[in-house]
Every structure is written in C-alpha cells, then in structure tokens.
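Beneath this line is the structure, given in structure tokens, with notes to follow.
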Number of protein chains: 2
Amino acid sequence: MDQAAAPPRRPARSAAARPGSGRATIASLAQRAGVAASTVSRALRDDARISPEVRARITALAQEAGYTPNILARSMVLGRSGLIGLVLGPVENPFYAELMQQAVRLAAARGCRLLLLHAGPGPIEDATTEALLQYRVDGCLVTSAELSSKAAAICAANSVPLVMINRVAREHGSAVSCDNRAGAEVLAELLLQAGHRRLAVVTGNAATSTGRERTEGFCQSVAAAGGEAPALFTGGASHAAGFAAGQRIAALPAAERPDAVFAVADILAMGVIDALREAGLKVPGDVSVVGMDGISLAQRPPYRLTTLVQPLEAMVARGLDLLLTGIEHGAGAAPQERVLLRGTLRLGASCRLPGSPLPPSGIPDAALPAAE
Amino acid sequence: MDQAAAPPRRPARSAAARPGSGRATIASLAQRAGVAASTVSRALRDDARISPEVRARITALAQEAGYTPNILARSMVLGRSGLIGLVLGPVENPFYAELMQQAVRLAAARGCRLLLLHAGPGPIEDATTEALLQYRVDGCLVTSAELSSKAAAICAANSVPLVMINRVAREHGSAVSCDNRAGAEVLAELLLQAGHRRLAVVTGNAATSTGRERTEGFCQSVAAAGGEAPALFTGGASHAAGFAAGQRIAALPAAERPDAVFAVADILAMGVIDALREAGLKVPGDVSVVGMDGISLAQRPPYRLTTLVQPLEAMVARGLDLLLTGIEHGAGAAPQERVLLRGTLRLGASCRLPGSPLPPSGIPDAALPAAE
DNA sequence: GTGCGTTGTGCAATCGTTAGCATGGATTCT
DNA sequence: AGAATCCATGCTAACGATTGCACAACGCAC
C-alpha cells in the first residue's frame with residue numbers, strides 16, 4: 001500500500017496544457033537566475049539579507065520577464081486575500097454610486113481590492129454569501145442593502161469582520177454612519193426658524209435604520225420646539241416614491257397642505273420637488289423642501305437642494321480602517337464600534353431662509369458657506 | 001548541504017498562529033471521516049466514482065462543519081480564478097451605475113464574481129493594472145473609462161481577454177455596444193419628421209468613440225436628408241456640461257437658436273433641458289430635446305425624455321459571454337469581435353412629435369409603444 | 001590555528017485543492 | 001477455479017508563494 005522511498009518524479013500534467021501558461025513565476029525566475037526560489041522571493045520583497053548585486057540581477061530579470069506575483073498563492077500562505085467584499089444598496093440612488101467610487105479609491109490606497117458581491121435592491125442571495133467565504137474575503141463593507149441576519153450570522157461564525165456604512169449595526173459588525181438624528185435636527189431648526197409651522201416628512205423605506213433615525217430626529221426636534229407634529233408621507237428610496245408623495249401633498253387643500261417638507265433622502269426630495277412643481281406649486285415659494293445625503297445631482301439646477309451633506313469620503317475611510325484594524329487584530333477580537341460622523345448643512349435654494357422671506361434664486365452654490 | 005533522507009516533519013508555524021484558523025478544510029474533513037483528502041474532494045464535487053454512502057457521510061460532515069471550499073486554492077490548480085475585472089467609467093452618469101448592477105447580477109448567474117478595479121473619471125493607475133494581473137483575473141470588462149493603451153498592451157501580453165462595453169474596440173479585445181450611428185439616425189429622422197429644421201448636437205467627451213459615433217451618425221443622417229448641418233455645442237459627460245451647453249443655446253438670439261437639440265447622452269440632455277427651462281424656454285414648446293442611453297431618471301418627470309434606449313442587459317450579457325468563451329478557448333485564441341446591438345426608441349414628452357404640433361404632456365410612459 | 005559571529009543562500013515544509021496513477025478487494029468471464 | 005475486469009479509495013505530485021532553519025563561507029579576535 002505504501003510504496004517505499006522516493007517514487008520517480010514526473011509531471012502530473014503536460015507542460016503545454018498547464019493553465020496560465022507563459023507567465024513567469026518565482027520558480028522560473030529562480031531557474032533563469034541560477035538561484036533558489038526563496039532567494040527570488042526575498043529579493044523581490046526587499047529582504048535585507050539579500051546581497052545588493054543578487055537583488056539587482058533578480059529585479060532586472062523580473063522586470064524583463066514581466067513578472068507579476070500571484071496573489072492567490074500568496075494569500076494561501078499569508079492567510080489574507082487582500083479582498084474586501086462590497087455589498088451595495090439600490091444604485092438607483094446616486095448616493096450609492098458615489099459611495100462606491102470612494103470605496104474603490106480608498107481601498108486601493110490601502111492596498112485592498114473590492115470584490116463586488118451585490119448591487120441593487122432585494123436581499124442577498126445565499127450564493128453571494130457563499131462567495132464571500134469562498135474567496136476568503138478579509139472583511140466586508142455593507143451599505144444599506146438588506147443583509148439578512150442569516151448572512152450576518154455566517155460571517156460571524158467564520159469571523160469575517162463586517163462594517164456597515166449608512167446603516168445601524170447588527171449584533172455582529174461595526175457601523176459607520178452620519179449622525180442622522182443630529183442632522184435631522186439641524187434641518188428642523190432651519191425650517192422652524194424660517195417661519196414654517198406646518199411641516200411634513202417624506203419617509204424612507206421603513207426597514208432601514210437610517211430612514212427611521214432621520215424621521216425620528218426631525219419629529220423630536222419639532223416637538224421639543226413646541227411645534228405641531230409633522231405629517232408623515234410614506235416614501236421609499238427612489239425618485240418615483242418621492243414623486244408619488246409629492247403628488248399626494250400637492251393634492252391636499254391649501255389650508256391643510258404643509259408649507260415645508262423634509263424628505264429623508266435627496267433622491268426623494270428631488271421627486272417631491274418635481275411633483276410639486278408639476279402641480280403648479282412653487283418651490284420654495286409655496287413649499288420649502290429639504291433633503292439629506294448631499295448627492296451631487298440634487299445640488300444642481302433645477303433643484304439647488306438645501307440638504308445635509310453626509311461626509312462620504314470620511315465615512316468610507318473610517319469604515320475601511322475599522323475593517324482593517326479588525327483584520328489586523330485577528331478575527332473577532334476587534335471591539336465592535338458604532339461611529340457617528342457629523343454632516344454639514346448645505347444651503348441651496350429649495351427652501352425659505354430664516355432672514356429673508358424668499359431666498360435669492362441665483363446664488364451660485366460655491367458662494368454659499370456650509371454651516372457647521 | 002543536502003541532508004540525506006527524510007527530515008523530521010514538524011510544523012513550520014504554530015497551529016495557534018495559523019491564519020484562517022478554525023475553518024474546516026478538505027484535510028480536516030478527511031481526518032474526521034477517516035478517508036483520504038482526495039476522496040473528500042471527489043465526494044463534494046459529485047464524482048461518480050464515490051460510493052453513495054461515503055458521499056452521504058462526507059456531505060453531512062461538511063454541512064455540519066460549515067465547510068466552504070477555498071476558491072483561491074482551487075484557482076491555483078485549475079488555473080482559473082472565476083474573477084472578472086470590472087473597470088467602470090464616470091459613475092456620475094447613472095448609466096454606469098445601471099450597467100454595474102446588471103453586470104453583478106449576470107456575472108453571478110454565470111458563476112463569476114467581479115473584482116472592482118476602477119470607478120470614476122480619470123485614467124487607470126498602473127497599480128490597478130497590476131492588480132488585474134496579480135489576482136489572475138480570467139478576463140476584464142471595460143466601460144467607457146480611459147483604459148490606457150499601455151494597460152491594454154499589458155493585458156494582451158498576459159493574454160487576459162478584454163471586452164469593452166459601450167466603447168470601440170482596441171487592437172486587443174472585443175467590444176459590445178449599441179449601434180450608435182443607427183440610433184442617432186433614428187433620432188435625426190424623428191426630429192426632421194416633426195418639422196424641425198434648425199438642429200443642434202450637444203457632443204460628449206471628444207475622446208470617446210461612443211460620443212463621436214452618435215454625433216457623426218446624426219449629422220450624416222441630416223445631411224442625407226438634405227438638411228442644414230447641425231450646430232455643434234461642446235458637451236461632456238455630466239449634467240453640468242449639458243447645463244452649460246443649454247445656457248449657451250438659450251443665450252442665442254431667437255432667430256439663430258436651434259429648435260431641436262440632440263444631446264449624445266441622457267444625462268447631458270437633462271442638463272440641457274434644465275438650462276433651457278431656467279432661461280424661460282419651453283421644452284418641447286420652444287425647443288425639442290432628445291437624448292440617448294435610456295437611463296431611468298431621465299424617463300421620469302420633469303424630463304420625460306425622448307431617447308434611444310440602449311439594450312443594457314443584452315449588452316452586458318453578450319459582453320460576459322464573449323469574455324467567457326474567450327476564456328474557454330484559451331487565451332488569445334478567441335476571435336475578437338465587435339458586436340452591435342440595436343437600441344429602441346422611447347417616446348417621451350421632451351420633443352415635438354411628427355403628427356401633432358405639440359405632444360400631449362400627460363402621456364403615461366408605459367402607454368407609449370417603443371418603436372422598432 | 002581554533003573558535004565565533006555575520007552574512008548570504010538553499011532546503012524543505014506549508015497553505016488547500018485537484019487529478020493522475022496505483023492498489024486492493026469484489027465481481028464476472030471463460 | 002483462475003484470470004480479467006471493475007469499482008472505490010488512497011497516495012502523491014503538483015499549483016506559486018512564503019518562511020524557519022540549516023549551513024557554507026568569510027572575517028575577525030584570541
């Protein structure tokens with residue numbers, strides 16, 4: 001059964017059929033340089049023990065051969081793939097597209113690459129969760145997508161660090177988000193100081209913590225100021241949902257109609273504005289509208305939305321750093337944090353301003369200072 | 001130098017410090033099942049030679065241990081990583097966000113995962129190209145981003161199949177795109193038949209083939225119909241660029257002002273419309289505006305854009321299939337194709353229609369048939 | 001001249017998986 | 001009954017990279 005001593009070594013696979021053929025490997029470089037593979041590895045990784053002339057020779061050879069290290073092989077030894085899973089929410093909201101762009105850039109700056117696991121509405125499939133494990137992702141960045149608790153449990157069981165961005169923390173994983181309550185309060189105060197008394201909120205998807213926090217923060221702030229409770233209009237996470245809510249608002253008799261609307265996301269606010277204007281109402285003349293997120297499209301005409309800008313770059317950077325320290329510290333050792341970052345108010349021309357009865361409509365965006 | 005015979009086998013690394021600790025492997029399953037590793041591998045891969053009872057025992061054990069195969073290790077043997085690189089253009093254009101969403105979904109359906117290499121404007125960094133090789137990507141999907149010819153050459157040298165979507169083919173790689181010329185011709189005919197005679201084109205980024213083809217197709221079609229050459233306005237790839245062009249158009253004296261504008265991308269068209277309306281002009285009353293791409297935001301009020309919809313899903317699917325057959329056939333063997341798919345006209349309410357002097361503004365989008 | 005520290009390289013094991021061949025027992029054919 | 005066949009499984013060599021340890025060769029001090 002156990003054949004004694006050295007069996008003859010012959011290649012199990014013909015050299016011609018070998019996959020990835022042609023690419024230089026450490027072994028091929030070693031052979032050409034007449035040194036051992038370990039020497040090549042050390043020379044390319046700037047190990048101090050390699051003599052300068054050998055290193056020079058090897059790096060020149062590697063350059064000439066167009067050598068690229070196989071990260072997959074390295075990952076096996078190191079136990080780290082350098083991959084970070086990315087789970088994106090509904091990209092019909094430009095906020096997530098902007099987030100993605102930041103994520104790619106900042107991850108690359110940290111020496112990581114993103115494995116795009118999911119994008120769009122709907123829950124995450126089981127196959128996706130499996131892929132996350134199969135590719136030995138070092139960690140996973142999750143935006144407002146519906147990460148099932150099953151998926152979260154699987155990550156926890158396999159000690160894959162999880163960081164949510166723009167979403168409340170689960171049992172497992174840290175979270176980075178804008179201080180939604182504080183932000184909503186800033187907007188509530190702005191509207192109240194501008195003299196608005198009949199307020200409304202167009203809510204987001206009831207399932208997302210972000211939407212709930214913004215709604216609650218706004219309403220509590222109004223209540224604290226002694227204002228009348230805002231009317232709530234069911235929204236969603238799209239322009240269409242905002243438009244529908246705007247139509248309902250516009251259809252109200254003038255006496256009951258709110259004179260200021262807080263839409264919990266910019267994309268919603270754009271829909272609201274479009275519906276109001278289509279119904280013949282003036283924004284901000286008849287109704288003030290404010291949003292939250294700070295997407296670039298909403299900043300432009302014809303919206304010039306007053307909104308609370310999320311510190312997107314900082315949020316993503318913080319999220320990645322949390323992930324990386326979590327990876328560093330070994331699996332589940334890292335404490336699970338909830339990080340809140342303050343947004344900044346961007347004054348546009350979609351709402352009445354405290355001082356003037358009507359905002360000048362021609363203010364260039366850049367000239368407007370962002371409040372604290 | 002060469003110590004004779006079997007050296008004592010001891011672990012090079014302490015078991016505690018072993019990375020990826022805790023996760024079940026084929027070896028650990030084999031030990032627990034009392035069989036060889038190869039048997040486990042075969043049982044899990046449904047090799048016909050494994051007896052039913054052994055397979056049942058092993059699959060049960062794998063299930064219980066929460067075993068997930070390590071694709072990185074598998075890739076080394078198979079020579080295929082199952083990874084497809086994704087290079088996205090400026091995501092400020094929602095078209096690319098929609099494309100990405102399709103790409104994730106369709107790649108997953110084909111058993112592949114996307115490595116997100118680049119997103120946004122600007123050229124691809126060298127480090128990005130390197131990552132593409134390091135992770136042994138099976139192929140790469142490229143959208144309108146600026147893939148340098150250096151990067152393309154590197155892919156060719158390493159026989160990484162390349163497929164461009166919405167962009168002309170390079171020396172190396174296939175390409176899938178909408179038939180931009182034909183699409184632009186459809187739009188030109190539509191405008192001419194509606195009685196427009198003073199036409200204008202808001203161009204895209206001069207560097208992109210897509211923009212050039214659309215501009216040329218439109219102008220040639222007008223010329224063929226004996227129309228006056230359209231005035232060209234430099235655009236770009238953003239709402240802001242469209243807005244700026246719209247302002248220039250609106251500033252013209254009424255006698256010189258075009259009465260119909262073709263913007264080579266929907267996002268541009270939105271900017272044009274916003275600028276024209278802000279200047280007090282009516283769309284489509286005073287000026288008709290049509291776009292091209294078919295992004296969902298442009299379909300909604302207040303734009304209701306008439307546009308040529310790119311068959312996004314088909315384009316991405318075709319691109320992936322081209323990539324996969326290229327991978328199948330072994331590196332550079334696959335012929336390099338250029339695939340053109342026809343778009344479909346979507347009639348909105350942003351332009352005058354051939355029959356009626358003015359389009360009814362309240363047509364529900366769904367009720368409008370898409371022309372051939 | 002022996003002993004010792006330094007320095008640069010090589011050897012071999014290892015990560016987790018797959019696949020070619022060997023093997024041993026059961027079955028079937030002549 | 002002996003031989004040929006077949007089936008299920010085990011052994012082992014890869015894939016490409018990293019790394020602990022062994023070990024030559026060299027210089028230096030005593």
Side-chain angles (χ1 to χ4, degrees), chain A residues 1-15 17-21 23-30 33-45 47-55 58 67-81 134-136, chain B residues 1-15 17-21 23-31 33-45 47-55 57-58 67-81 134-136:
Chain A
M1 189 212 275
D2 198 341
Q3 50 186 128
R9 298 203 168 199
R10 40 175 161 40
R13 197 191 310 258
S14 80
R18 187 167 37 205
S21 55
R23 292 209 207 172
T25 68
I26 282 211
S28 74
L29 289 180
V35 298
S38 48
T39 302
V40 175
S41 171
R42 281 192 266 256
L44 295 176
R45 294 178 67 74
D47 191 304
R49 295 178 304 181
I50 300 295
S51 69
E53 55 267 24
V54 171
R55 162 167 323 135
I58 292 179
Y67 169 76
T68 319
N70 185 333
I71 288 225
L72 275 43
R74 177 183 293 171
S75 307
M76 290 189 56
V77 180
L78 267 48
R80 284 183 43 175
S81 62
Q134 288 179 338
Y135 279 96
R136 296 299 190 262
Chain B
M1 189 214 278
D2 198 343
Q3 51 186 123
R9 298 202 168 199
R10 42 174 161 39
R13 197 191 311 257
S14 80
R18 187 167 37 205
S21 55
R23 291 208 207 174
T25 68
I26 283 208
S28 74
L29 289 180
Q31 197 178 7
V35 298
S38 48
T39 302
V40 175
S41 172
R42 282 192 266 255
L44 295 177
R45 293 177 67 76
D47 191 303
R49 294 177 304 180
I50 299 296
S51 69
E53 55 268 24
V54 171
R55 164 172 317 138
R57 193 154 52 90
I58 291 179
Y67 169 76
T68 319
N70 185 333
I71 290 223
L72 275 43
R74 176 183 295 172
S75 307
M76 289 188 58
V77 180
L78 267 48
R80 283 184 45 177
S81 62
Q134 289 179 338
Y135 279 96
R136 295 301 190 261

Counterpart residues, side chain to side chain contact (heavy atoms under 4.5 Å, CB included), relative to B:A27 (two or more places apart): B:T25

Distance check needed: D:dG16 P versus B:R136 CZ, whole Å only. 8 Å

Look at the side chain of A:R74 and decide which nucleotide, out of C:dT18, D:dT18, C:dG16, has an atom nearest to it. D:dT18

So how far off straight is the helix from C:dG1-D:dC30 to C:dT30-D:dA1, going by the axes through five pairs at either end, to 10°? 60°

Exam field: side chain B:R55 to backbone B:R42, donor-acceptor pair closer than 3.5 Å: no

Quick note, B:T39 side chain, CB onward, closest among D:dT9, D:dA17, C:dC15 is D:dT9

Over all atoms of both residues, closest heavy-atom pair of B:A43 and B:I50: N-CG1, 3.9 Å

For B:S75, what residues pass the side chain to side chain contact (heavy atoms under 4.5 Å, CB included) criterion, not counting sequence neighbours? A:L72, B:I71, B:S81

B:A36 has a side chain; which of C:dC15, D:dA17, D:dC11 sits nearest to it? D:dC11

Report the residue (B:R49 or A:P52) whose heavy-atom-nearest nucleotide on DNA chain C is the more 5′ of the two. A:P52

Test your reading of the model: is there a side-chain donor-acceptor pair from B:R57 to the backbone of B:A33, 3.5 Å cut-off? yes

Let me know the distance between CE of B:M76 and P of D:dA13, rounded to the nearest Å. 17 Å

On DNA chain D, compare the nucleotides closest to B:A73 and B:D47; which residue's is nearer the 5' end? B:D47

For a quick check, tell me whether the side chain of B:R42 and the base of D:dG10 share a donor-acceptor pair closer than 3.5 Å. yes

Nearest of D:dG10, C:dC11, D:dG16 to any side-chain atom of B:S38? D:dG10

A:R136 and B:N70, any side-chain heavy atoms less than 4.5 Å apart: yes

Does A:S75 get its side chain close enough to the base of C:dC15, under 3.5 Å, for a donor-acceptor pair? no

Look at the side chain of B:S51 and the base of D:dC7, then say whether one donor and one acceptor between them are separated by less than 3.5 Å. no

To the nearest 0.5 Å, what is the distance between CD1 on A:I58 and OG1 on A:T39? 6.0 Å

Does a side-chain N or O from A:S41 land closer than 4.0 Å to OP1 or OP2 of D:dT18, or not? yes

Any side-chain N or O of B:Y135 under 4.0 Å from OP1/OP2 of D:dG16? no

Rounded to whole Å, CZ of B:R45 lies from P of C:dG20 at a distance of 12 Å

d(CD1, A:I26; C1', C:dT9) in whole Å: 15 Å

Who passes salt bridge (Lys or Arg N to Asp or Glu O under 4.0 Å) against A:R45, sequence neighbours left out? none

Among D:dG16, C:dT9, C:dT17, the nucleotide that comes nearest once only the side chain of A:I50 is considered: C:dT9

Rounding to a whole Å, what distance do you find between B:L78:CG and C:dT18:P? 7 Å

Rounded to whole Å, how long is the line connecting atom CZ of A:R23 with atom P of D:dC15? 15 Å

What is the separation between atom CG on B:N70 and atom C1' on D:dG16, rounded to the nearest whole Å? 14 Å

In whole Å, I'd like the distance from the CG atom of B:L72 to the P atom of C:dC15. 15 Å

